[in-house]
Visitor: 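The structure is given below, and queries will be raised subsequently.
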Amino acid sequence: STKHDGVHSRWAARATTQVGPAGSSSGIDAGMPLPPRSVTLDLDDTCWPTLPPIMAASERLAADMAEFLPNSAAACQPSTLNHLKAAVSAAVDKEPLLAHDMTESRRAGLASLATAHGDDPTEAVDECMRRFLVARSDVGDHLYADTAPSIRALRDAGLRVGALTNGNCDVRLSGPAVSSLFDFAIGAVDAGAAKPDAAPFWFAAAAAECSPAEMVHVGDDVHSDLIGALRAGSRAILLSRPEQQPRKPRELE
C-alpha cells in the first residue's frame, strides 16, 4: 500500500480538478473532462494477436527444457507444456501472491519440475526463462497493420504512449521497431497487481506524468481494460477487432 500511496500522491493534486458525479465509480466528469495527455495500450489482441508469439515462445521453452532440464523434459512427455501449466498452477496455489506475475509463476513451476525430476534448477531455470521472455517478446512480425501508424499518429499529436499489459511480453525486448513506439511500459509485476485493479493504471499515469483523468486506455477486454480503466479514473476505448468477434453475451451486456 505504501508503494501505491506514493504513486497516488504524484497525481492527486491534478486529479482534484476532475470531480466525478455523485456515486460515480469512474471519477470522470461528464461535463468537462480534462484534455488527454497520454494514451496507454493493452498489448495482446490489441496491438498484435495473442497466440502466434505465445505459441512460438512455448515451443522454444519446450526445446530449451530438453537441453537444460533433460530429466524434466523426458518425464513430461508427450505433453511438456501441459505438465508445465499444471506445475505453474500448483506454484500459484502455494504462493497466491504470484498470481499476477506470469514470469515468476512460470519460473516457480519450472523450478518445481526440475526439483521433482532431479534436474539442477539453479542456472538452468533462469536460462530457460530468459530465452522464453525473449521469444515471448518477439512480436515485430505479428503487429496488426494499424498498430504502428496509429501509435506514431498519437505521438505526433503530442501524446505520451505507453504499453499497459497483464502479460509478460516486454516491449523493451521486442527490438527497436517495436520498443521505439512506446514512451513507457507498465506490467502487472511493476504495479504489484493486474488489471482491472487500479494500481497498473495509476502507475501508468505516474510514468506519463499526468493524472488518471488525463489518460485514455485502449484495450480489447471488457473487464480488465474497459471497466478497469474507468474505475481507476481514466477514460477508455474498447477495441473490438473483427478477428476477435463475436463477443460473449456477458461482455456485450
Side-chain angles (χ1 to χ4, degrees), residues 1-15 25-27 37-47 50 54 57 84-85 87-112 125-126 129-130 132-134 136-137 160-174 179 182-236:
S1 61
T2 301
K3 187 177 182 182
H4 294 174
D5 290 344
V7 172
H8 180 278
S9 66
R10 299 188 192 184
W11 53 258
R14 295 189 62 87
S25 62
S26 69
R37 298 176 61 204
S38 177
V39 173
T40 54
L41 297 169
D42 175 57
L43 298 181
D44 293 327
D45 288 337
T46 296
C47 294
T50 301
I54 284 184
L84 177 57
K85 183 178 180 180
V88 170
S89 296
V92 172
D93 289 340
K94 184 177 180 180
E95 296 289 345
L97 292 178
L98 289 177
H100 70 280
D101 191 335
M102 292 186 178
T103 298
E104 286 308 310
S105 60
R106 188 178 291 266
R107 190 190 306 275
L110 272 177
S112 68
V125 169
D126 286 342
M129 284 305 304
R130 185 191 69 78
F132 173 81
L133 290 175
V134 170
R136 173 68 177 92
S137 303
R160 289 178 62 81
V161 177
L164 183 53
T165 180
N166 284 348
N168 51 6
C169 173
D170 186 343
V171 295
R172 293 165 295 189
L173 300 176
S174 299
S179 61
F182 298 96
D183 294 300
F184 60 90
I186 299 294
V189 66
D190 300 306
K195 301 176 293 181
D197 192 280
F201 298 97
W202 292 349
F203 269 71
E209 299 182 345
C210 69
S211 77
E214 296 171 302
M215 193 171 75
V216 179
H217 179 66
V218 181
D220 68 285
D221 190 272
V222 172
H223 184 59
S224 63
D225 292 310
L226 180 65
I227 295 176
L230 293 177
R231 286 178 175 170
S234 298
R235 278 161 283 185

Visitor: Go through Asp220 and Asp42 one step at a time and tell me if the side chain to side chain contact (heavy atoms under 4.5 Å, CB included) criterion holds.
Guide: CA-CA 7 Å; Asp220 68 285; Asp42 175 57; 2.8 Å; yes
Visitor: Is there a donor-acceptor contact under 3.5 Å from the side chain of Trp202 to the main chain of Pro212?
Guide: no
Visitor: In Å, rounded to the nearest 0.5 Å, how long is the span from CZ of Phe201 to CG of Leu230?
Guide: 8.5 Å
Visitor: Taking Gly162's backbone N and O only, do any of them form a donor-acceptor pair with Asp183's side chain (distance below 3.5 Å, no angle check)?
Guide: no
Visitor: Checking Thr165 side chain against Gly187 main chain: does a donor-acceptor pair fall under 3.5 Å?
Guide: no
Visitor: Quick one: NZ on Lys195 to CD1 on Ile227, what's the gap to the nearest 0.5 Å?
Guide: 13.0 Å
Visitor: With a 4.5 Å heavy-atom cut-off, do Phe132 and Leu110 have their side chains touching?
Guide: no
Visitor: Determine whether Thr103 and Val189 make a side-chain contact, defined as any pair of heavy atoms from C-beta on separated by less than 4.5 Å.
Guide: no
Visitor: Is there a donor-acceptor pair under 3.5 Å between the side chain of Ser137 and the backbone N or O of Cys169?
Guide: no
Visitor: As a quick check of understanding, evaluate salt bridge (Lys or Arg N to Asp or Glu O under 4.0 Å) for Arg107 and Asp126, giving each step before the final call.
Guide: CA-CA 8 Å; Arg107 190 190 306 275; Asp126 286 342; 2.8 Å; yes
Visitor: Do you know which two heavy atoms are closest between Ala194 and Pro200, and how far apart they sit?
Guide: C-CG, 3.9 Å
Visitor: Between Arg235 (side chain only) and Met215 (backbone N and O only), is there a donor and an acceptor less than 3.5 Å apart?
Guide: no
Visitor: If you look at every heavy atom in Ala185 and Asp190, which pair is closest and at what distance?
Guide: O-OD2, 4.1 Å
Visitor: Residues in salt bridge (charged side-chain N to carboxylate O under 4.0 Å, His left out) with Arg160, at least two apart?
Guide: none
Visitor: Using salt bridge (charged side-chain N to carboxylate O under 4.0 Å, His left out) as the criterion, list what pairs up with Asp170, not counting sequence neighbours.
Guide: Arg172
Visitor: Hey, what do you get for SG (Cys47) to CZ (Phe182), rounding to the nearest 0.5 Å?
Guide: 4.5 Å
Visitor: So does Asp197 pair up with Arg231, basic N to acidic O under 4.0 Å?
Guide: no
Visitor: Looking only at side chains, do Asn166 and His100 share a donor and an acceptor under 3.5 Å apart?
Guide: no
Visitor: If every non-hydrogen atom of Ala163 is compared with every non-hydrogen atom of Leu43, which pair is closest and at what distance?
Guide: CB-CD2, 3.7 Å
Visitor: Using distance alone, with no hydrogens and no angle criterion, decide if Thr40 and His217 have a side-chain donor and acceptor under 3.5 Å apart.
Guide: yes
Visitor: Only counting residues at least two apart or in another chain, list the ones meeting salt bridge (charged side-chain N to carboxylate O under 4.0 Å, His left out) with Arg136.
Guide: Asp44
Visitor: Walk me through whether Leu41 and Leu164 qualify under side chain to side chain contact (heavy atoms under 4.5 Å, CB included).
Guide: CA-CA 6 Å; Leu41 297 169; Leu164 183 53; over 6 Å; no
Visitor: Roughly how far, to the nearest 0.5 Å, is CZ of Arg37 from OG of Ser211?
Guide: 8.0 Å
Visitor: Got a second to check how far Asp221's CG is from Thr46's OG1, nearest 0.5 Å?
Guide: 8.5 Å
